[in-house]
Amino acid sequence: MNYSKDGVTVAAMFDSAHPKKSGKCSVKIRVTYNRVRHYYPTGKDLMPAEWDALPTTKARALVEIRKDIESSYQIVRTAVEDLLMRGIFSLENLNNRLKRAGGDTLNIAFEGKIAEMKAQERIGNMMAYRVVMKGIERFAGPRVPLSSVSVDWIRRYEKFLLKEGKSRTTVGIHMRHIRAILNDMKRCGKILEAQYPFGRGRYEIQAGEGRKLALTLEQIGQIANYEDGTEATAKYRDYWLFLYLCNGINVADFVKLRYRDGCRQ
């Protein structure tokens with residue numbers, strides 16, 4: 001969690017200079033510009049040994065804390081990048097931006113998650129979160145307070161998506177991404193359990209509308225014997241047949257196959 005551009009650096013830091021009575025120290029996000037430093041709280045306190053273990057730990061509790069710190073870092077970094085891109089960066093403008101947003105809007109939370117996915121090169125996930133964020137902004141604008149995301153808000157957003165012509169499957173995708181964001185916000189104390197809109201007795205995400213489709217043997221034979229005289233068609237027909245004969249092998253696994261893989265005993 002280190003970022004540097006145009007003389008601005010953003011990093012997560014362990015404030016060991018100010019230990020608490022418990023021996024724990026606060027984790028903060030430090031922004032440095034023109035040798036001036038500003039610190040933004042993450043709401044997380046750790047023992048020195050926990051901080052040292054944080055980057056590689058597999059302990060569930062510490063993994064959750066690491067995710068929360070990364071989320072706080074991404075919120076600050078996203079604000080810094082936006083101000084730099086617009087050519088108006090200053091620590092005062094950053095303070096005003098974070099004070100105004102405070103990570104307390106659904107939009108900013110999505111921006112932080114999108115930046116996190118981009119940094120991790122998880123482009124597919126990044127694009128999915130971006131699509132959902134655009135849908136939210138069409139429905140409720142560029143500033144949706146987390147406190148306003150209630151069961152009623154979620155249900156109204158569902159109706160909005162259905163009115164746009166979205167399927168139940170697409171609605172479910174939107175709701176699962178919103179739920180993931182709110183889970184992050186709940187972990188870092190941005191919303192309370194009482195504010196959380198998902199779950200039994202609240203809003204329950206419906207299963208998608210699956211379609212069970214099957215080809216007949218005659219149809220499969222027609223595909224296997226199809227010819228139009230072009231090499232491209234023959235190649236893609238053979239690809240399809242290979243996937244079929246491998247019981248529907250995942251395409252991502254298929255493209256990684258090598259000739260030697262077929263020689264294994």
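Positions are given from 1, in the same order as the sequence printed here.
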Do [X] and [Y] have a side chain donor and acceptor closer than 3.5 Å?
X: H174; Y: Y157; answer: yes
X: Y39; Y: D15; answer: no
X: T230; Y: D228; answer: yes

Show the nearest heavy-atom pair for residues T105 and R143, with the distance to one decimal. CG2-NH1, 3.0 Å
With the 4.5 Å side-chain cut-off for hydrophobic clustering, are [X] and [Y] part of the same group?
X: W153; Y: V171; answer: yes
X: I220; Y: I223; answer: yes
X: M127; Y: I136; answer: yes
X: V131; Y: I173; answer: no
X: V36; Y: I88; answer: yes

Are [X] and [Y] ion-paired here, with the side-chain N under 4.0 Å from a carboxylate O?
X: E64; Y: K58; answer: no
X: E111; Y: R77; answer: no
X: E227; Y: R237; answer: yes

Short question: side chain of [X], backbone of [Y] - any donor-acceptor pair under 3.5 Å?
X: T32; Y: R35; answer: no
X: T57; Y: L54; answer: no
X: S72; Y: D68; answer: yes

For the pair E193 and R202, evaluate salt bridge (charged side-chain N to carboxylate O under 4.0 Å, His left out) and give the outcome as yes or no after the intermediate values. CA-CA 12 Å; E193 175 62 36; R202 302 178 186 180; 3.3 Å; yes
With the side chain counted from C-beta on, respond yes when K28 and T42 share a heavy-atom pair under 4.5 Å apart, and no when they do not. no
With a 4.5 Å heavy-atom cut-off, do R30 and V10 have their side chains touching?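 With C-beta onward as the side chain, the pair stays apart.
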For residues W240 and Y236, establish whether the separation of their ring centroids is below 6.0 Å.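 Not close enough - the centres of the two rings lie 6.0 Å or further apart.
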Working note: E158 + R168, criterion salt bridge (charged side-chain N to carboxylate O under 4.0 Å, His left out); need CA distance, chi angles, decisive distance, verdict. CA-CA 9 Å; E158 176 189 59; R168 281 287 176 188; 2.8 Å; yes
Output, in order, the C-alpha distance, side-chain angles, deciding distance and verdict of ring pair (Phe, Tyr, Trp, His ring centres under 6.0 Å) for Y239 and F242. CA-CA 5 Å; Y239 284 170; F242 185 87; 8.6 Å; no
Using 0.5 Å steps for rounding, measure from the [atom1] atom of [X] to the [atom2] atom of [Y].
X: E92; Y: L83; atom1: CD; atom2: CG; value: 11.5 Å
X: S22; Y: M47; atom1: OG; atom2: CE; value: 6.5 Å
X: H177; Y: L182; atom1: NE2; atom2: CG; value: 13.0 Å

Apply salt bridge (Lys or Arg N to Asp or Glu O under 4.0 Å) to E164 and list each qualifying residue two or more places apart in sequence or on a separate chain. R138, K166
May I ask you to decide if the ring planes of Y33 and F89 are parallel, tilted or perpendicular, using 30° and 60° as cut-offs? perpendicular
So does E204 have more than 12 non-hydrogen atoms from other groups sitting under 6.0 Å from CD? yes
